[in-house]
Amino acid sequence: MVDASLRIELTSAGSDAMQERTLECADSQPLESSTVREPEAACEALANAGEEVFFGLPDPNVICTQEYGGPQQAHVTGTLNGQPVDKHFSLTDGCKISEWNAMKALLGGIGGAV
């Protein structure tokens, strides 16, 4: 089960464009106040990988591929299961792209305009 109250700011490097979305989950179910595009899928993504993505420590033995996935960036703040969240996402290497993909329902897909 996941309880979340998150604010997501989506930007694109080199652009002033910004979108703001919210996600509210109670017992892994989205509340009507959620404004992400796929609230059910976003609550499910948090239940499946949220603890690891938001609170997991990086493994010093992992080597991240040096690839560029695009200019999209996201800043997520709020709470997840009572713990404070303040995390930045980007697409600047393979590890960060993997984190983005794990939270794709929350952040949106890679590519396209913000």
Side-chain angles (χ1 to χ4, degrees):
M1 289 292 172
V2 69
D3 291 315
S5 177
L6 300 174
R7 179 175 173 255
I8 304 99
E9 291 180 357
L10 299 164
T11 58
S12 184
S15 170
D16 291 334
M18 196 241 326
Q19 288 183 9
E20 187 174 301
R21 298 183 183 140
T22 59
L23 178 66
E24 303 277 339
C25 303
D27 294 327
S28 298
Q29 297 300 310
L31 302 180
E32 284 187 33
S33 58
S34 298
T35 60
V36 296
R37 291 186 179 145
E38 301 177 45
E40 294 87 3
C43 289
E44 183 177 333
L46 289 175
N48 291 334
E51 293 283 331
E52 180 182 335
V53 169
F54 286 101
F55 308 121
L57 296 175
D59 182 345
N61 297 314
V62 170
I63 298 173
C64 300
T65 58
Q66 297 302 300
E67 60 185 293
Y68 179 70
Q72 296 84 356
Q73 300 173 357
H75 183 207
V76 179
T77 56
T79 59
L80 176 61
N81 294 329
Q83 296 184 62
V85 168
D86 186 356
K87 181 159 178 82
H88 291 270
F89 290 85
S90 66
L91 301 168
T92 56
D93 66 40
C95 294
K96 292 178 180 173
I97 291 169
S98 291
E99 284 186 338
W100 188 292
N101 285 337
M103 292 292 114
K104 183 169 44 175
L106 178 69
L107 305 174
I110 296 172
V114 170

Using only atom types and a distance under 3.5 Å, with no angle test, would you say the side chain of [X] pairs donor to acceptor with the backbone of [Y]?
X	Y	value
D93	C95	yes
E51	A49	no
W100	Q73	no

[X] versus [Y], closest heavy-atom pair with distance:
X	Y	value
A42	A105	N-CB, 3.5 Å
N81	M1	OD1-O, 3.9 Å
G70	L91	O-CB, 3.6 Å
V53	E99	O-OE2, 4.1 Å
L107	A74	CD2-CB, 3.7 Å
L46	L106	CD2-CD2, 4.5 Å

Rounded distance [0.5 Å steps], [atom1] in [X] versus [atom2] in [Y]:
X	Y	atom1	atom2	answer
T79	D3	OG1	CG	8.5 Å
C25	E40	SG	CD	9.5 Å
T92	Q66	OG1	CD	8.0 Å
Q19	R37	CD	CZ	5.5 Å
C43	L31	SG	CG	7.5 Å
K96	S98	NZ	OG	12.0 Å

Looking only at the side chains, is there a donor atom on one of S5 and E24 sitting less than 3.5 Å from an acceptor on the other?
yes
Could you walk me through whether D86 and H75 pass the side-chain contact (heavy atoms from CB on, under 4.5 Å) check?
CA-CA 7 Å; D86 186 356; H75 183 207; 2.5 Å; yes
Under 4.5 Å between side-chain heavy atoms, hopping through other hydrophobics if needed: is there a path connecting V2 to F55?
yes
Heavy-atom count check: over 12 atoms from other residues, nucleotides or ligands less than 6.0 Å from E9 CD?
yes
Within a 6.0 Å radius of atom CD on E20, are there more than 12 heavy atoms belonging to other residues, nucleotides or ligands?
yes
Could you walk me through whether L6 and T22 satisfy the side-chain contact (heavy atoms from CB on, under 4.5 Å) test, starting with their C-alpha distance in whole Å, then the side-chain angles of each, then the deciding distance to 0.1 Å, before giving a yes or no?
CA-CA 6 Å; L6 300 174; T22 59; over 6 Å; no
Where does the angle between the aromatic ring planes of F89 and F54 fall among parallel (under 30°), tilted (30 to 60°) and perpendicular (over 60°)?
perpendicular
